[in-house]
Amino acid sequence: MTSTEPRTAADAGPRTEPRAGDGAGGGAARPRHPLRTGRDYRALWAGDAVSQFGSKITEFVLPLLMVTGLHATGTQVGLLQTLYMAPFFLLPLFVGVWLDRRPARPVMIATDLVRFALVLAVPVLALFDGLALWHVWLVALLGGCLSAVYDIAATAYLPRLLPPAQLPSANSLVTANQAVGGTAGPGLAGWLAALFGPAATLVFDALSYLASASALMLIRHRETTARSTAPRDLRKELGEGLRSVLDNPPLRAVAVHAGVYNAGIALLNLAFLMRFVRETGHDSADFGLVMVAGGIGAVAGALAAPRLLRRLGFGPAFLTVLVFSTTPYPLLLTVDGGGGDLPVSALAYLLGTGGASAGSVIAVTLRQRLTAPRLYARTTATYRLISFGMLTAGTTCAGLLTQYAGARTALAVAPVLLFLSVVPIAGRPVRTLRAVPERAGGEHGDRDGGQAAEVASSGS
């Protein structure tokens, strides 16, 4: 097997060695923020921030380019999204096995550079009148493959770069990047598309990938790979990845929660769009304001998560944020075309996405802390397989339920799924979990093959 670890503490930049359980509950001392102590993390975070904006530009502009420049039908635009999302469901387990045997940073740089060339090809082809629908579909498929690899590598890289006590703050900032990009990115994309045209706007996304790769190249931390001469057993390694989640009660509970919650939120988002815009007659500007409120909530939730973890511990903090991520959405049932629709909907999304964003930070930090270093990538891959699989199912069911039962009925069903997603977290493995001993996660964790299982709990 292959294990990865830094050569020296100096290579990794300043490191704060935490006591067991630091950073989550128990009145632990507040760890130094990674932006203040880690030059390498600053480079990683800055590159990710730029890349998030670029990715949202592409998500907005590619369908616009297909409709306005290539006269695509609705089915052809729908195929674009299917091709992009398919790799996130089909590739994770195999990517996880592959990544656990090699350093993550070179893989991240390579995927950024290939994405730079891939996205740049679209405006170049358009400039010479050579762009066709199949080019855009190919970019979506290959871009989805590369993004799936990059995302798993990036999640596995953080606990190799930082000590366990700094992971909550580091994950918080990465999640905040996603929220800011998701909120401001489409608006920026629309402005750029109006100014330069859809095809030319993709140049900005291509440059964002180049900026991300350049930032990663500035990181001084290096992972060393101790290679084994033992033959590979793909079936065994895939099984280890699945068991790293399914045989670990807290991780299994969080993965089931994420799958059910994602299915519910996919149903809710589509049903709300149909109800708010089509059935009650609100315009796209009103819908955009609701989504902006959701983005603000997501940023606030991501930034608040580390403080909640320090004060409450993993389980109580998770249950706290679930109150916000589930209970506000029944307010959307009151939407009836009146003047109160906008503030009520904005409040529901502000609170709901705030709780969901904080929950995402807690979930990824828990996954990093409970996973043996040699299984980082495979654990992330298994988790994402469950999460994206249920998201795909939720999106499919959302379309059918909205079409045949109506948007308001779908809006009533979605919160039921969200409330059901609380059940795994309310179980004892997560509810009583407060702190994770340092040896159960991070690069100082178990290296001889076992999945760390011991956790510090309280309650019953």
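Here the structure is a predicted model, which is why all the values come from computation and not from measurement.
Expressed to the nearest 0.5 Å, how far CG of Leu167 lies from CD of Gln368 amounts to 5.0 Å. Taking CG of Leu418 as the reference point, atom OG of Ser421 lies at 6.0 Å (rounded to 0.5 Å). Between the CG atom in Leu251 and the OG1 atom in Thr382 there is a gap of 10.0 Å [rounded to 0.5 Å]. In this structure, the separation between CG on Leu118 and CG on Leu138 is 7.0 Å, given to the nearest 0.5 Å.
Between the side chains of Ser55 and Tyr209, at least one donor N or O lies within less than 3.5 Å of an accepting N or O. In this model, no donor atom of one side chain and acceptor atom of the other lie less than 3.5 Å apart for Gln178 and Asp48. No hydrogens or angles considered: nothing links the side chains of Ser51 and Ser212 as a donor-acceptor pair under 3.5 Å.
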request  = Give the intermediate values and the outcome of side-chain contact (heavy atoms from CB on, under 4.5 Å) for residues Asp286 and Asp341.
outcome  = CA-CA 9 Å; Asp286 287 345; Asp341 288 356; over 6 Å; no
message = Could you walk me through whether Leu238 and Phe94 satisfy the side-chain contact (heavy atoms from CB on, under 4.5 Å) test, starting with their C-alpha distance in whole Å, then the side-chain angles of each, then the deciding distance to 0.1 Å, before giving a yes or no?
response = CA-CA 7 Å; Leu238 288 173; Phe94 299 98; 3.9 Å; yes
request  = Give the intermediate values and the outcome of side-chain contact (heavy atoms from CB on, under 4.5 Å) for residues Met108 and Leu44.
outcome  = CA-CA 11 Å; Met108 295 161 65; Leu44 176 67; 3.8 Å; yes
request  = Show the numbers, then the answer: is there a side-chain contact (heavy atoms from CB on, under 4.5 Å) between Leu267 and Leu401?
outcome  = CA-CA 9 Å; Leu267 173 59; Leu401 188 60; 4.0 Å; yes
key: Residue pair Phe53, Phe204: steps toward the ring pair (Phe, Tyr, Trp, His ring centres under 6.0 Å) verdict   = CA-CA 9 Å; Phe53 271 95; Phe204 293 93; over 10 Å; no
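Between Arg367 and Val245, every side-chain heavy-atom pair lies at or beyond the 4.5 Å cut-off. In this structure the side chain of Leu65 reaches within 4.5 angstrom of the side chain of Leu131, judged on heavy atoms. At a threshold of 4.5 Å between non-hydrogen side-chain atoms, the residues Val335 and Arg408 do not count as touching.
Under a 4.0 Å N-O distance rule, the pair Arg378/Glu240 qualifies as a salt bridge.
Here His221 and Tyr157 bring their ring centres to under 6.0 angstrom of each other. Tyr329 has its ring centre no less than 6.0 Å from the ring centre of Phe272.
Partner Tyr349 forms a side chain to side chain contact (heavy atoms under 4.5 Å, CB included) with one of Val344, Leu268, Leu331 and no other, that one being Leu268.
When the shell of 6.0 Å around OH of Tyr84 is examined, it contains more than 12 heavy atoms from other residues, nucleotides or ligands.
When atom types are taken as modelled, the side chain of Trp137 and the backbone of Gln76 share a donor-acceptor pair closer than 3.5 angstrom. Although no hydrogens or angles enter the test, the distance criterion places no donor-acceptor pair under 3.5 Å between the side chain of Tyr383 and the main chain of Ala363. Distance alone, capped at 3.5 Å, is enough to place a donor-acceptor pair between the Ser172 side chain and the Ala302 backbone. In this structure, the side chain of Arg39 does not engage the main chain of Ile219 through any donor-acceptor pair within 3.5 Å.
Both the sub-6.0 Å distance and the 45° axial angle are not jointly satisfied by Arg384 relative to the ring of Phe88.
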